[in-house]
Novice: 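So that we are looking at the same thing, I have put the structure below in structure tokens.
Because the structure is predicted, anything quoted here is derived from the model rather than measured. Ligands are counted one by one from 1 in listed order, and the atoms in each one are counted from 1 as well.
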Amino acid sequence: MTTPHAAFRPATLLVHAGTERTNFAETAEALFLTSGFVYDSAEQAEATFTGAEKHYQYSRFGNPTVVMLEQRLAMVEGAEACRATATGMAAVHAALLSHLRAGDRLVASRALFGSCHWIVSTLLPRYGIETVFVDGTDLDQWRAALATPTAMVLLESPSNPMLEVLDLPSIAAMAHKAGALVVVDNVFATPLLQRPIELGADIVVYSCTKHIDGQGRVLGGAVLGRAKWVEEVLQPFVRNTGPAMSPFNAWVLLKGLETLRLRVDAACRAAEQLADFLSAQPLVARVWYPTRADHPQHGLAMAQMSGGGTIVTFEIDGGKAAAFRVLNALRLIRVSNNLGDSKSLVTHPATTTHMRISPEERARLGITDGAVRLSVGLEDVLDLRDDLAQALAAARAGG
Ligand SMILES: *Cc1c(COP(=O)(O)O)cnc(C)c1O
């Protein structure tokens, strides 16, 4: 056992936590690319299945490389336990479906990742689960919705793509009074910029596909929470329904975690500079970035987060046509719906990630036809600035 004490700081835990060396004393984490495990005897197999002996059985239930990742994530998050899943959506699905049953009620903030929105609006009601959406920044709506007993609350802060910041301690206090567990999708903040459990959350979910890999290679997800809930509620669900993470992906993500601090800090610094640059451009009507004084929940962001994140959202004057001219004129920054990559990526939410929701719902979320989401990567910030400058100039000339 070489697992360091939880008292180490996050940057140290990101490199070391959860590491379990084999007899070969390797430096890097071993990749156990195996689906099954063998027993010394029939008796040992029996003892493993009764629970009398601890032994890996099958990689759908647990795998040493995946467990290293789960332990590292749990220690970094300050959570008692973690289960890794194949994707971020598998994590959200498992967190909700393992806990909820027919007759239960879930309250969610409206500004959710597209597939999370679908689970809440379409999937859960099929199973007799009542779901209610609220405007996440309006505490009166939360109060009204949580006046009725509720099993779970789901929210995302900062949200995709408009970077709404929600008051986690106030919402958690109301949710707990209503009997609900609070699930926070913390993808945009990463484990480093916001600590939902300290702010009142019971369960934290991640798409590891984003900053935790951070290099655009693999899909992955994670659910973190109290040991009792993970063991008794989540584990039977994931064991029997099978959203298991591949050991290969877990190995890639362990390596991703080792550089998470460096990558997130660098991208945040660049994002902050680019947000300020964009706000001074004639074609840019508005910029959203949590640490800017003009962000609608600036005070809350400063209280809850230790950095603004790696995403900048801005609105181009002239709607979809002008936004498309800007996207098409970019040379370095590429058009993609992914985010959290070392490569800077830009997307037009109204026609891609948020295309499937109605124009009225998009308007309620503040996603205009001119809105552009920029995921800031690790290039030299001056090259990113120059690329944005030339694309904005080209869009103005072409408009
Ligand atoms: C990407 C994302 C997800 C889904 O993760 P996948 O790994 O793509 O399944 C969920 N929530 C947020 C906020 C995301 O950005």
Novice: Counting each atom of ligand 1 from 1 as listed, which ones have a heavy atom of Thr87 under 4.0 Å away?
Specialist: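 Answer for ligand 1: 7 (O), 9 (O).
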Novice: Do the ring centers of His99 and Phe237 come within less than 6.0 Å of each other?
Specialist: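 Here the rings of Phe237 and His99 have centres that are no less than 6.0 Å from each other.
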Novice: If we only consider heavy atoms of Ala91, is any one of them less than 4.0 Å away from an atom in ligand 1?
Specialist: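 So Ala91 does not count as touching ligand 1.
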Novice: Mark up the atoms of ligand 1 that fall under 4.0 Å of a heavy atom belonging to Gly220, in ascending order.
Specialist: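 Under 4.0 Å from Gly220, ligand 1 has these atoms: 7 (O).
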Novice: Considering only protein heavy atoms, which is closest to atom 8 (O) of ligand 1, and at what distance to one decimal place?
Specialist: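 The protein heavy atom lying closest is Ser207 OG, 4.1 Å.
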Novice: Find all atoms of ligand 1 within a distance of less than 4.0 Å from any non-hydrogen atom belonging to Asp185, and give their numbers and elements.
Specialist: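 Answer for ligand 1: 10 (C), 11 (N), 12 (C), 13 (C).
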Novice: Which distance, rounded to the nearest 0.5 Å, do you find between the CG of Leu155 and the CD1 of Ile171?
Specialist: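 Between Leu155 CG and Ile171 CD1, I get 5.5 Å after rounding to 0.5 Å.
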Novice: Are His348 and Phe324, when compared by the centres of their aromatic rings, separated by less than 6.0 Å?
Specialist: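 Here the rings of Phe324 and His348 have centres that are less than 6.0 Å from each other.
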Novice: Does any N or O of ligand 1 fall below 3.5 Å from an N or O anywhere on Glu156, backbone included?
Specialist: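 Between Glu156 and ligand 1, no N or O pair is found under 3.5 Å apart.
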Novice: Using modelled atom types and a 3.5 Å cut-off, is there a donor and acceptor pairing between side-chain atoms of Ser157 and backbone atoms of Ser159?
Specialist: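 Pair absent, no side-chain N/O of Ser157 close to backbone of Ser159.
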Novice: Who's the nearest protein heavy-atom neighbour of atom 14 (C) of ligand 1, and how far?
Specialist: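 In this structure, atom 14 (C) of ligand 1 has Lys210 NZ, 2.9 Å as its nearest protein heavy atom.
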Novice: For the pair Arg373 (side chain) and Pro349 (backbone), establish whether a donor and an acceptor sit closer than 3.5 Å, ignoring hydrogens and angles.
Specialist: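 No.
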Novice: Can a donor-acceptor pair be found, under 3.5 Å and without considering hydrogens, that links the side chain of Gln304 to the backbone of Leu166?
Specialist: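 Pair found, side chain donor or acceptor close to backbone of Leu166.
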Novice: Closer than 4.0 Å to some heavy atom of Gly88 - which atoms of ligand 1 meet that?
Specialist: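 What qualifies from ligand 1 is 5 (O), 6 (P), 7 (O), 9 (O).
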Novice: Kindly say whether the aromatic ring centers of Tyr39 and His55 come within a distance under 6.0 Å.
Specialist: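 Ring centres of His55 and Tyr39 closer than 6.0 Å.
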Novice: Number the atoms of ligand 1 from 1 as they appear, then name those within less than 4.0 Å of a heavy atom of Met89, with their elements.
Specialist: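 Here the atoms of ligand 1 in question are 4 (C), 5 (O), 6 (P), 9 (O).
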